[in-house]
S.K.: 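Below is a structure I'd like to ask you about.
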Amino acid sequence: MPRGQASSVSTREKPRVDAVVVSDKDNGRHRRSAYLLLGLLIVFLHGSWSVYRMQFANLPLPLDAEQAGKRGFSEASALKHVKYLTGLGPHPVGSDSLDLAVQYVYAEAEKIKKTAHPDVDVQLELFHTDIGANRLAGGLFKGKTILYSDLKHVILRFVPKYLPEAEENLILVSSHIDTVFTTGGAGDCSSCVGVMLELARGVAQWAHGFKSGVLFLFNTGEEEGLVGAHSFITQHHWRNSVRFAVDLEAMGIGGKSTLFQGTHQWALESFATVAKYPSAQIAIQDIFNSGAINSATDFQIYLEVAGLPGLDFAYTDMTSVYHTKNDKIEHLKPGSLQHNGENMLAFLLHAASSQKFMEDAHEAKQESVEQKKAIFFDILGKYMVVYPQRLATMFHNSIIFHSLVILGMSLLMGRCSVLVSLGISCLSIILTLIFSIFLPVVVAFALPHICPFPISFVANQWLVIGLFGSPALLGAFIGQHIGFILLKKHIEQVYSRTKPGLTGNKMDYIVGLEAERWIFKSGFLQWLIVLIFGTYFKVGASYIALIWLVSPAFAYGLMEATLSPLRSPKNLKVVTLVLALAVPVVSSAGLVIRMVDVMVGTIVRADRNPGGLPGWLGNVVVAVAIAIVVSFMFVYLLSYVHISGAKRALLFVLCASFGLAIALVSSGIVPAFTEDISRTVNVVHVVDTTRMNDGSTEPLSYVSLFSHTPGKLTQELMDLRGEEFSCGRNMTIDFATFTMMYGCRSYKRSNTGWSKSEVPMLHVESDYATDDARRTIVSIDTKSSTRWSLAINKQEIDDFTIHVDSNKLVHLGGKREVDGWHTIRFAGGKSSPTKFELTLFWSSNGTHASAKETKAENFSPLVKLRTDVNRVTPMVETVLEKLPRWSTPFGKSTSPYTLAFLTALPINI
């Protein structure tokens, strides 16, 4: 905060009225015109959009094989691999298409091996995994045990022939071949596999000069709980030679591959030094680590299980198509693979040729990750900034300290009047935020009642500008204007005592100018508070608050602050605003737009347990996020409006923008979903055998319909007339324990497409009590299914073990729960075991209920099992064909395939 900011309302003395007195004509002449301020608003918005386009949409030109040469990277060559893999259709774990995909990758790796430089030792393996268990405790894996078997990975290693020690110092480059069952996975992650194959071709010509080896891991099983990476890092004989890990991922399809997770400063600096088109954002890492993005990548395995330093990259364009049929090659933007490939090739050549890089990697295992954390971000996709977290904390604390000192000096100089003005400025910040949030939230609640879909803007994301941005900006102005009026009243009271010569219009004008300055400076206080909290909680993206504080404060101090307490205030200069916002817009506007884009895209799959979220919640989340962005980023610009002639024009523009957006979404002129950006709708044929434990002889068979997109299935049912679906919250299904809380169900033609021989079995082999505890041994037979989910009631069961062929797979201890259940998930290849032995150790506080008590009081089951079969039954096929084109199935590791069998054991076993 520049000194002299409160001098004109100081009460230490009563100075004479400034010699330069503003006349009534000057008053009108100095009022800013509506055209000027609307022009500034347009420049601000257009500048922000231009920064976004330059930072995230400016891709390099694709190169063909001839242009790239023998040692370069060719997008055209990488694209051939992507086309083949996506042409196989969905290739989940255990499918024939995944076997074909693995065979293709292996065959291409053999070609690379044959054409490698003669001084490069190339080792190629098809690694077949043993059965294993992934016991990660955090994030998505809380309360879960992930089992796997019969996975196949392609592993390609390059080391210089005449440097044998390079074999013990490997840089791992990893991605996954498998997809979820709903998509061919052009983005997630056939694009990554294509890039890796082309990278391997280039590395094969360079590796003779390396100081370290490079290992490419094409794994399977990532989509089933990161089990591919886990199996390699716990079972393969090269695992102990890996010193550094690079993971390639996708949360959408195409665009720039952004570095969003990094462990150590030296690794980040190495990438920043050589990357041709750097794209890196620590803000995404902050959000990812906070759990706001409910996802995980193989990087978590390399970091937590192996303790490796590394970097994690992901595509983030079109996140709305993630894990749906629309993740297809037509949406892969030209230049996407070239951007990723050229950056990664340059990094690998630098890292593998550097002795210091490997020395740093060795030291990293002995160091605390916290001590070596760094802040990283790119500027316009051209430059990458990296500096230590400790330096950031020191610098932030210095800025905070000096800001508080300047604020304290201002309070001492101005005494009571400045304190009151400061308090009103704080109130203005609060009112701005409250009103900015209130108006768009009202709209968010209203949209489900006036639009065909609760969420009506996913396919046309620009609609959020009118739907939420306009009300947020109007609310921010209203809140700030209330603060402006209160400031005017206070300053007028002070001036009436200290400057009795000012009266009438002159007084009103001068007071308005002083209030305008206080409103502008309230932005300093707002961002200072954000910086304090961000620094305290070690938020990497706190640099954004620093920039939005320092740059405007510097511009104000340079252009506006005065040293004389006798001078009357003047209009804030337009150049002050331009200088204040130039650096903040360039450094953060693109990132803000990208984060809003990603947030809107993820709404189509926000309801992880379908029906668990109210239909309006997605709207509210987007509305609040946009309101916070508007109230913080427009604080300086809005301060120029209060004594201008632009208030009515601003009101008209915002209302017109809002009215147009409402008209478009409510009338259906602009569709909520399209064939390319669809609503997620899953169709599952359920065979429920839990009733058979109650004496029923026949399973209950039906087709279930549910959506991960918040809202009811009313529009979909219009296309399913005659299929006898009924919907409601009484259709709850626990897919052990992925729970459908709202959905639709039809019993029509549901007895075909499956057989009783596929029904899984839970059989109690023994149940006995000892002096220590009660034990129950249950045999599990999943029949033909090699993908299943088992939930164990932790209110009754204290612990458990699982044996496979007399080998203990899951040991005692370390079992956490979520909502009273511990979930075991299994996924594997065709040769995976289907028979398991589960030993349950009862809790001393368990109910041990009798059959009569269980029936009377409706106790929860003891164990629940779901087995999946990747088959489309006749009724499911009919429903899928009739569903509207703007709907698509969504796949994830916890959701069932199109045919699912349910069974359970009651507590009274």
Side-chain angles (χ1 to χ4, degrees), residues 48-49 51-59 139-140 187-189 191 248-261 279-297 299 312-324 326-327 331-333 336 339-340 377-378 381 455 457-465 467-469 539-541 544 588-608 613 617-630 633 673 676-680 708-710 890 892:
S48 299
W49 179 250
V51 168
Y52 169 75
R53 294 289 302 172
M54 185 174 294
Q55 189 168 11
F56 290 99
N58 188 22
L59 295 168
L140 289 177
D188 185 21
C189 211
S191 60
L248 303 183
E249 257 297 350
M251 291 187 286
I253 180 169
K256 291 189 175 183
S257 181
T258 299
L259 170 59
F260 73 103
Q261 290 192 97
S279 180
Q281 294 296 340
I282 194 172
I284 304 179
Q285 177 175 286
D286 290 334
I287 297 172
F288 207 79
N289 291 341
S290 71
I293 297 178
N294 204 354
S295 186
T297 71
F299 189 70
D312 200 6
F313 298 81
Y315 292 112
T316 57
D317 269 18
M318 292 188 71
T319 54
S320 56
V321 308
Y322 176 74
H323 282 193
T324 70
N326 295 318
D327 183 5
H331 292 149
L332 191 60
K333 295 178 182 177
S336 300
H339 173 269
N340 192 358
F377 56 92
D378 72 90
I455 299 170
F457 47 81
V458 175
N460 298 277
Q461 297 185 3
W462 52 269
L463 286 169
V464 300
I465 298 173
L467 292 174
F468 305 127
V539 178
I544 296 174
S588 60
L591 172 63
V592 169
I593 295 174
R594 170 45 58 103
M595 298 307 293
V596 172
D597 171 64
V598 170
M599 181 184 298
V600 172
T602 56
I603 288 179
V604 296
R605 56 182 184 276
D607 207 346
R608 299 191 67 83
L613 300 178
L617 186 61
N619 293 334
V620 170
V621 170
V622 174
V624 171
I626 290 176
I628 292 173
V629 168
V630 166
M633 293 184 66
F673 303 100
D676 286 334
I677 300 179
S678 307
R679 184 183 186 188
T680 63
H708 290 274
T709 309
F890 171 73
K892 62 176 184 174

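As a basis for the values below, the full set of heavy atoms in this structure was taken, side chains included, without hydrogen atoms, waters or symmetry mates.
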S.K.: For H323 and D188: C-alpha separation, side-chain torsions, deciding distance, then whether side chain to side chain donor-acceptor pair (under 3.5 Å) applies.
M.R.: CA-CA 8 Å; H323 282 193; D188 185 21; 2.9 Å; yes
S.K.: Which heavy atom of V321 sits nearest to which heavy atom of D327, and what is that distance?
M.R.: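 Of all heavy-atom pairs spanning V321 and D327, the closest is O-CB, 3.7 Å.
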S.K.: Taking the side chain as C-beta and beyond, is there a heavy-atom pair between V592 and I544 under 4.5 Å?
M.R.: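 No, side chains not in contact.
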S.K.: Would you say V458 and R679 make side-chain contact, with heavy atoms under 4.5 Å?
M.R.: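 V458 vs R679: side chains apart.
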S.K.: Between T602 and T319, does a side chain to side chain donor-acceptor pair (under 3.5 Å) hold up when you go through it step by step?
M.R.: CA-CA 6 Å; T602 56; T319 54; 5.8 Å; no
S.K.: Under a 3.5 Å distance rule, please check whether T709 uses its side chain to pair with a backbone N or O of V604 as donor and acceptor.
M.R.: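 Such a contact is found between T709 side chain and V604 backbone.
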S.K.: Within this structure, what is the NZ-CG distance for the pair K256 and N340, rounded to the nearest 0.5 Å?
M.R.: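 So the NZ of K256 and the CG of N340 are separated by 12.5 Å.
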S.K.: Is N619 close to F457 at the side-chain level, that is, under 4.5 Å between some pair of heavy atoms?
M.R.: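 Touching, per the 4.5 Å side-chain cut-off.
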S.K.: What I'd like to find out is whether the side chain of D317 reaches to under 4.5 Å of the side chain of F56, using heavy atoms alone.
M.R.: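 D317 does not reach F56 side chain to side chain.
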S.K.: Which atom names give the shortest non-hydrogen contact between S678 and N326, and what distance separates them?
M.R.: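 Distance-wise, the nearest heavy atoms are OG-ND2, 3.0 Å.
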S.K.: Distance check, rounded to the nearest 0.5 Å: C189 atom SG versus E249 atom CD?
M.R.: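 Here the rounded value is 5.0 Å.
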S.K.: Are any non-hydrogen side-chain atoms of I593 and S48 less than 4.5 angstrom apart?
M.R.: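 The answer is yes, as the side chains (C-beta and beyond) meet within the 4.5 Å cut-off.
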S.K.: Which heavy-atom pair separates H708 from K892 by the least distance, and what is that distance?
M.R.: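 The pair with the smallest heavy-atom distance is CE1-CE, 3.6 Å.
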S.K.: Taking all non-hydrogen atoms of both residues, which atom of T258 and which atom of S279 are closest, and how far apart?
M.R.: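 Scanning both residues completely, I find the closest heavy atoms to be OG1-OG, 2.9 Å.
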S.K.: Considering all heavy atoms of both residues, which atom of A314 and which atom of M251 are nearest to each other, and what is their separation?
M.R.: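 Here A314 and M251 meet closest at CB-CE, 4.2 Å.
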S.K.: Apply side-chain contact (heavy atoms from CB on, under 4.5 Å) to residues L140 and R608 and explain how you reach the verdict.
M.R.: CA-CA 12 Å; L140 289 177; R608 299 191 67 83; 4.0 Å; yes
S.K.: Please name the pair of heavy atoms, one in P710 and one in I603, separated by the smallest distance, quoted to 0.1 Å.
M.R.: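 Taking every non-hydrogen atom into account, CD-O, 3.5 Å.
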S.K.: Determine the interplanar angle of the F288 and F260 rings, folded into 0 to 90°, and report it as parallel if under 30°, tilted if 30 to 60°, perpendicular if over 60°.
M.R.: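 Perpendicular: the ring planes of F288 and F260 meet at over 60°.
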S.K.: Does atom CE of M54 have more than 12 heavy-atom neighbours, drawn from other residues, nucleotides or ligands, at distances under 6.0 Å?
M.R.: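 Counting neighbours around CE of M54, 12 or fewer heavy atoms of other residues, nucleotides or ligands fall under 6.0 Å, so no.
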S.K.: Nearest 0.5 angstrom please: K333 NZ to L59 CG, how far?
M.R.: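 Rounded to the nearest 0.5 Å, the NZ-CG separation comes out at 7.0 Å.
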S.K.: Return the CG to CD distance between L259 and Q285, rounded to the nearest 0.5 Å.
M.R.: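 One finds 8.0 Å between CG of L259 and CD of Q285.
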S.K.: Rounded to the nearest 0.5 Å, how far does CD of Q281 lie from CG of D378?
M.R.: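 Answer rounded to 0.5 Å: 5.0 Å.
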S.K.: So, taking the atom named OG1 in T680 and the one named CZ in F673, what distance separates them when rounded to the nearest 0.5 Å?
M.R.: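 So the gap between those two atoms works out to 8.0 Å.
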S.K.: Step by step, would you call M595 with V629 a side-chain contact (heavy atoms from CB on, under 4.5 Å)?
M.R.: CA-CA 11 Å; M595 298 307 293; V629 168; over 6 Å; no
